[in-house]
Amino acid sequence: MELEASNRYGDDGTWVTASAHIITAVIGSGVLSLSWAIAQLGWIAGPIALVIFSIITWFTSTLLADCCRDPVSGKRCSCYMDAVKSNLGGINNKFCGLAQYMNLVGITIGYSITSAISMAAIKRSDCFHKDGQNVGCHVKNNNFMIIFGIIEIILSQIPNFHELSWLSAVAAVMSFGYSTIGLSLSIAKAVGGEHARTSLTGTTVGVDVTSWQKTWNCFEAIGDIAFAYAFSTTSIYVIGMELQDTLKPNPPENESMKKATSVGVSVTTIFYVSCGALGYAALGNNTPGNFLTGFGFYEPYWLIDMANVFIIVHLIGAYQVFCQPIFKQVEDRCFNRWPNSSFIKESPPIKLPLFGVYSFSAFRVVWRTGYVILTIVLAMLLPFFNGILGFLGAASFWPLTVYFPIQMHISREQIQAFSWKWIWLNFLVLLCLIISVLAAAGSIATIVKDLSTYEPFNSVS
């Protein structure tokens, strides 16, 4: 029998501890592209877009806080899909599952790309320091993707990797580390030396970009901002529902979670606006897509190397966090479909020096290795950092952050169709859908443009 979350985790948490966990979960690799996003949108639209996305995320998160228990039995929903099934049922549950797992697969591909780019950036940084900034120092990314893939293949064989307690702490230190380094470098460059060219509307048509590029880049920038608010895909349906049952029963857990959400989103927004705005102030309209690997900063090279090491370590662990639900889903289905298969079920114990007894499963080795290889191959085929981030943000923001929380709220509160509240809630759903479609279109247009000059399996940093 499954234990209730309060038994597994305890119920002595407060909104303060929950806020800390939320902030840790949100701040991640999405921050790397925010300076570029503001460079496309400008000083007015860029920060406004960040604030609007934060408000939407905060609002729908507070709605979701009331939907974490079954409306009939009051039993805690163990995951986001369970909440959708309990409150909406039917095809919505399948749609939610499809959106979640597609998003998880996309993120693992995106993390493979980002990690390889950071590995290449370390080699390029040392080259620039040694030979000067005018030297190309170009490096092929494929070898680094293969290295990342080998590491993930090994880590994927660890049963219940996602339950290792140190993983969250390491991820928190790494994400805050490289984000803080990027913020510090931006401040140092913005306040000293030659000032970069910026404008109220961002990149200038006819100077920096063509009118076609300006339009699509703005849409893609919105997708990048949506990806940065991965609060929906981490804190809400991965972290949020687990946190809610760690809170003390008085005051009510949903009220504490709403307060934690408000604090978490507020702090994250301040941090994001600071990183994006200061990065744009430092690097101007020529801000690269990834401000720690695009070499808007060259010195101190050792600090840039350290930031990229932090990114690599963070994403190595984060890859496992996001692929574990995929592993579990496929393996559970296979166990149920072929219960008598020795290939699937057998896991004889093997003694490993220094590691103790390891349960070896041929099925786990083959399936998980195959999955990692697939993501690495797809990353080699589509090694476009900003385009992939923008598309992932656009594809996941609307269904997971907007549609399901609002529809669950409407169902739970039994809001009458075509009432004033029903109309404006569904108007918000429609508006966010349009924004997500435009963001996805901008990202796809950029990827298609890049594909016109790209040779498969031959990406270069």
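The figures here come from the full heavy-atom set of this structure, side chains too, leaving out hydrogens, waters and symmetry mates. We count residues from 1, following the sequence as given. Nothing here was measured: the structure is a model prediction, and the numbers come from that model.
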Taking all non-hydrogen atoms of both residues, which atom of Leu433 and which atom of Trp398 are closest, and how far apart?
N-CD1, 3.2 Å
Of the non-hydrogen atoms in Val31 and Ser179, which two are nearest, and what is the gap between them?
CG1-OG, 3.5 Å
Tell me if the centroids of the rings in Phe427 and Trp424 come within less than 6.0 Å of each other.
no
To the nearest 0.5 angstrom, please state how far the CD1 atom of Ile113 sits from the CZ atom of Phe144.
15.5 Å
To the nearest 0.5 Å, how far apart are SG in Cys218 and CD in Gln213?
11.5 Å
Would you say Glu152 and Gln320 are linked by a side-chain donor-acceptor pair, where the criterion is simply a distance under 3.5 Å?
yes
Flag, side chain of Arg197 to backbone of Gly284, donor-acceptor distance under 3.5 Å:
no
Distance from Tyr178 atom OH to Ser118 atom OG, nearest 0.5 Å?
8.5 Å
Side chains of Gln40 and Asp224: donor-acceptor distance under 3.5 Å anywhere?
no
Output yes when a side-chain donor or acceptor of Ser125 lies under 3.5 Å from a complementary backbone atom of Ala121, and no otherwise.
no
Step-by-step side-chain contact (heavy atoms from CB on, under 4.5 Å) determination, Phe53 to Ile222
CA-CA 9 Å; Phe53 272 88; Ile222 293 173; 3.5 Å; yes
State the CD1-CE distance between Ile122 and Met306, to the nearest 0.5 angstrom.
11.0 Å
Return the minimal non-hydrogen interatomic distance between Thr269 and Ser54, and the atom names on each side.
OG1-CB, 2.9 Å
For the pair Arg368 (side chain) and Gln157 (backbone), establish whether a donor and an acceptor sit closer than 3.5 Å, ignoring hydrogens and angles.
no
Tell me, do Val205 and Thr210 make a side-chain contact under 4.5 Å, heavy atoms counted?
no
Between the CD1 atom in Ile146 and the OG atom in Ser112, the distance rounded to the nearest 0.5 Å is 12.0 Å
Work out which heavy atom in Ala196 is nearest to a heavy atom in Ala281; give both atom names and the distance.
CB-O, 3.9 Å
Report the C-alpha separation of Gln407 and Asn87 in whole Å, then their side-chain angles, then the decisive distance to 0.1 Å, and conclude whether the side-chain hydrogen bond (donor to acceptor under 3.5 Å, both in side chains) test is met.
CA-CA 9 Å; Gln407 294 306 319; Asn87 289 277; over 6 Å; no
May I ask you to decide if Thr401's main-chain N or O and Thr60's side chain share a donor-acceptor pair within less than 3.5 Å?
yes
Donor-acceptor side-chain pairing of Tyr319 and Thr375 below 3.5 angstrom
yes
Under 3.5 Å, side chain of Asn103 to main-chain N/O of Ala99, donor-acceptor pair present?
no
Can you see which heavy atom on Ala379 is nearest to which on Met145, and at what distance?
O-CE, 3.6 Å
Separation of Phe310 CZ from Thr180 OG1 (nearest 0.5 Å)
9.5 Å
With a 4.5 Å limit on heavy-atom distance, are the side chains of Thr108 and Tyr371 in contact?
yes
Residue pair Thr369 / Ile153: nearest heavy atoms and the distance that separates them
OG1-CG2, 3.7 Å
Can the ring centres of Tyr280 and Trp43 be said to be less than 6.0 Å apart?
yes
Give a yes or no on whether the ring-centroid distance for Phe404 and Phe95 is below 6.0 angstrom.
yes
Carefully, step by step, assess Asp208 and Lys214 under the rule salt bridge (Lys or Arg N to Asp or Glu O under 4.0 Å).
CA-CA 9 Å; Asp208 305 303; Lys214 177 70 175 180; over 6 Å; no
If we ignore hydrogens and angles and just use 3.5 Å, is the side chain of Thr114 paired with the main-chain N or O of Leu315 as donor and acceptor?
no
Glu220 and Ser443: side-chain donor and acceptor closer than 3.5 Å?
no
Any donor-acceptor N or O pair under 3.5 Å, side chains Asn285, Thr203
no
Treating Ser199 as the side-chain partner and Gly202 as the backbone partner, does any N or O pair qualify as donor plus acceptor under 3.5 Å?
yes
Report yes if some heavy atom in the side chain of Met408 is under 4.5 Å from a heavy atom in the side chain of Leu63; otherwise report no.
no
Tyr403 side chain reached by Asn92 side chain, heavy atoms, under 4.5 Å
yes
Minimum side-chain heavy-atom gap Met119-Val139 below 4.5 Å:
no
Given side chains that start at C-beta, do those of Leu32 and Ile311 come closer than 4.5 Å, heavy atoms only?
yes
